[in-house]
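One structure is given below, encoded as structure tokens.
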Protein chains: 2
Amino acid sequence: MKRLLANINIKVDDKIYLKDPETSEIGRNIIKNGILLIDELGLESFTFRKLAERIGSTEATIYRYFESKHKLLIYLISWYWSWQEYRLMFAISNIESAETRLKIAIRILSGEINQDMDFAHIDEETLQRIVVAESAKAYLTKGVDIDNKEGFFLSYKRFCRRIADLIREFNPDYPYPASLVSTLAESAHYQKFFARHLPSLTNIKENSEKHLEDFLLDLTFKTISR
Amino acid sequence: MKRLLANINIKVDDKIYLKDPETSEIGRNIIKNGILLIDELGLESFTFRKLAERIGSTEATIYRYFESKHKLLIYLISWYWSWQEYRLMFAISNIESAETRLKIAIRILSGEINQDMDFAHIDEETLQRIVVAESAKAYLTKGVDIDNKEGFFLSYKRFCRRIADLIREFNPDYPYPASLVSTLAESAHYQKFFARHLPSLTNIKENSEKHLEDFLLDLTFKTISR
DNA sequence: GCATTGTGATAGTAATACTATCTTTGCACT
DNA sequence: AGTGCAAAGATAGTATTACTATCACAATGC
């Protein structure tokens, strides 16, 4: 599968960057080390200056790829959801049963990562930690409406719509498919975060993904079954 | 009821502030206008300098009450959840049926605010908007563990535990009460935010709280009923 | 061989998140 | 009425941030 993916790369909307980081060594380095450094420092303490230092380049160069650190974050999240959508479509192709397809979707959504689908310069596991801890900051801003109009959240919306479609397929009468999906997606993040940092808010134990998946499966199927 | 509350005030843990803002006119002014200004500008653009200007005081004075804007945010969120807990305890007192009590809890959790329980200098509706839009930023930081150890999130945890208790009462066999509650609480915020800014991610329509409540009620009772 | 493009180096700016210090004001107690 | 003390005001200063601007250099493509 790695071989198959060698010819594929995730396309991110070109409004998000000034210069496509996939097209140069230094661009890929920005992405790769950007992920690692945001994970290490947290978004607040992360700066382009520090990143430049780390990759042996300069602030100015990074600004030629991304207008701001907000845009870099948008890029990473966008990449993540496009990747998740790709994994989803792959995993459910040729599966007949609507129930099975939905179950697979929930497994992906609950954060299971297998190594088969990785891309050279991106550490998907670290990226997922960033999405869990930082993605709320990408949309909980005064600029949401502008960013949304620019299409910055399309990949997340597309991923959610795909799963909402699976729910509708399973039970066309359930009245809240979109709300249920966004609840599942956000909950998956929060439960992971809580398990690690505020354990009294969850029953999920860290490093046992099975529990999170069970919780979400139980919630979903009890809610949508007829 | 207003009369009753005239003698009550919400106590916030004194580790959160340097000087209790409830004890002075200027302190209450910091809280009142802090809420309004954060709502107007968003946390990112909000500064103590701007707040000082607005209340006709100085930065230095505000720093004598709160160590940082992070702490002010923690204070506001903490106040909010203590207030919600108070409302909850009030609303379910003397109600026999576990089901009814849980239903009331979900109404409160879904964000319904009635005017009877307001406090002089705090605009609860605006505060709720802040909690919806900014509270994730209070814990999605590299400092969570320290803040948690200091007890900054106790009021949120206490509120969640109360509702988890109601769930356990209704169905002692449901294995994920804490996770369900935090999912409900976070979902209530996100669904509200999405309804306003990213409507394709939800089926809830803005300004119709009934829908959000229905969604959460449906989710909860289908999930926990035996 | 020349233009273009990408990158590096360096400097500068307004604003932020504080910290420090010194002065003034108001009230409480004698 | 005078003194003491705490709260608040006024002002200044610092390191850092999130950029923007400019100029020079080196590789590449035609």
Side-chain angles (χ1 to χ4, degrees), chain A residues 14 16-34 37-38 40-76 121 134 137-138 140-143 146-147 152, chain B residues 14 16-34 37-38 40-76 121 134 137-138 140-143 146-147 152:
Chain A
D14 58 17
I16 295 173
Y17 48 75
L18 296 170
K19 179 170 150 53
D20 187 353
E22 290 293 335
T23 61
S24 74
E25 193 57 38
I26 202 163
R28 286 184 294 269
N29 232 275
I30 288 169
I31 300 307
K32 179 181 174 175
N33 287 284
L37 200 56
I38 291 173
E40 276 171 38
L41 303 178
L43 191 67
E44 285 71 31
S45 304
F46 168 86
T47 68
F48 278 2
R49 186 172 302 239
K50 290 171 189 166
L51 177 56
E53 217 162 285
R54 183 175 176 131
I55 63 175
S57 177
T58 61
E59 246 184 311
T61 299
I62 298 173
Y63 274 106
R64 281 172 193 126
Y65 287 84
F66 294 101
E67 214 175 295
S68 63
K69 84 172 175 184
H70 180 239
K71 286 280 183 76
L72 172 58
L73 179 64
I74 298 274
Y75 179 93
L76 296 177
H121 61 294
E134 317 290 359
K137 299 167 194 167
L140 295 176
T141 69
K142 284 286 167 187
I146 296 162
D147 287 0
F152 294 170
Chain B
D14 58 16
I16 296 175
Y17 48 75
L18 295 172
K19 180 171 151 53
D20 187 352
E22 289 294 333
T23 61
S24 75
E25 192 59 37
I26 203 163
R28 287 183 293 269
N29 232 273
I30 288 168
I31 300 306
K32 179 182 174 174
N33 287 284
L37 199 56
I38 291 173
E40 277 172 37
L41 304 177
L43 191 67
E44 284 73 31
S45 304
F46 168 87
T47 68
F48 278 2
R49 186 173 301 243
K50 289 172 189 165
L51 177 56
E53 218 163 286
R54 182 174 176 132
I55 63 175
S57 179
T58 60
E59 245 184 309
T61 299
I62 298 174
Y63 274 105
R64 280 174 192 124
Y65 287 84
F66 295 100
E67 213 175 294
S68 63
K69 83 172 175 183
H70 181 238
K71 285 280 183 74
L72 173 58
L73 178 65
I74 298 274
Y75 180 93
L76 296 177
H121 60 291
E134 317 291 0
K137 298 167 195 167
L140 294 176
T141 68
K142 283 286 165 186
I146 296 162
D147 287 0
F152 294 170

Quiz item: Is A:Thr58 near enough to C:dA9 that one of its side-chain N or O atoms lies under 4.0 angstrom from OP1 or OP2?
Solution: no
Quiz prompt | Nearest listed nucleotide, side chain of A:Tyr65, among C:dG8, C:dA17, C:dG6 | solution = C:dG6
Exercise. Decide if atom NZ of B:Lys71 counts as having more than 12 heavy atoms of other residues, nucleotides or ligands within a radius under 6.0 Å.
Key: yes
Practice problem: For B:Glu59 and D:dA8, give me the distance from atom CD to atom P, rounded to whole Å. | Solution: 16 Å
Quiz prompt | Rounded distance in Å - CG (A:Leu51) to P (D:dT17) | solution = 13 Å
Self-check item: Phosphate contact (D:dG9 OP1 or OP2) by B:Ser57 side-chain N/O below 4.0 Å
Solution: yes
Quiz prompt | Side chains of A:Glu25 and A:His121, donor plus acceptor under 3.5 Å | solution = no
Quiz item: Which atoms form the tightest heavy-atom contact between A:Phe48 and A:Ile62, and what is the distance?
Solution: O-CD1, 3.5 Å
Practice problem: Step through the shown structure and confirm whether more than 12 heavy atoms of other residues, nucleotides or ligands are within 6.0 Å of NZ on A:Lys69. | Solution: yes
Quiz item: Can you check the A:Tyr63 OH to C:dG12 P distance for me, whole Å?
Solution: 18 Å
Quiz item: Counting side-chain heavy atoms from CB outward, which of C:dG6, C:dT21, D:dT17 is closest to B:Arg64?
Solution: C:dT21
Practice problem: Using heavy atoms to find the nearest nucleotide of DNA chain D for A:Ala60 and A:Ser45 separately, return the residue whose nucleotide is more 5′. | Solution: A:Ser45
Quiz prompt | Between C:dA17 (P) and B:Lys71 (NZ): distance, integer Å | solution = 16 Å
Practice problem: Measure from CG on A:Leu41 to P on D:dT16 and round the result to the nearest Å. | Solution: 14 Å
Quiz prompt | Options C:dG12, C:dA17, D:dA10, nucleotide nearest the side-chain atoms of A:Arg49 | solution = C:dG12
Quiz item: In whole Å, what is the span from the CD atom of A:Glu67 to the P atom of D:dC19?
Solution: 8 Å
Exercise. Using atom CD of A:Glu53 as one end and atom P of C:dT10 as the other, report the distance to the nearest whole Å.
Key: 13 Å
Quiz item: In whole Å, what is the span from the NZ atom of B:Lys19 to the P atom of D:dG9?
Solution: 12 Å
Quiz item: Taking the side chain of A:Lys50 as heavy atoms from C-beta outward, which of D:dT17, C:dA17, D:dA18 is closest to it?
Solution: D:dT17
Self-check item: Side-chain H-bond candidate by donor/acceptor type, B:Tyr65 with B:Ser24, under 3.5 Å
Solution: yes
Quiz item: If you check the B:Ser24 side chain, which of C:dA9, D:dA8, C:dG12 turns out closest?
Solution: D:dA8
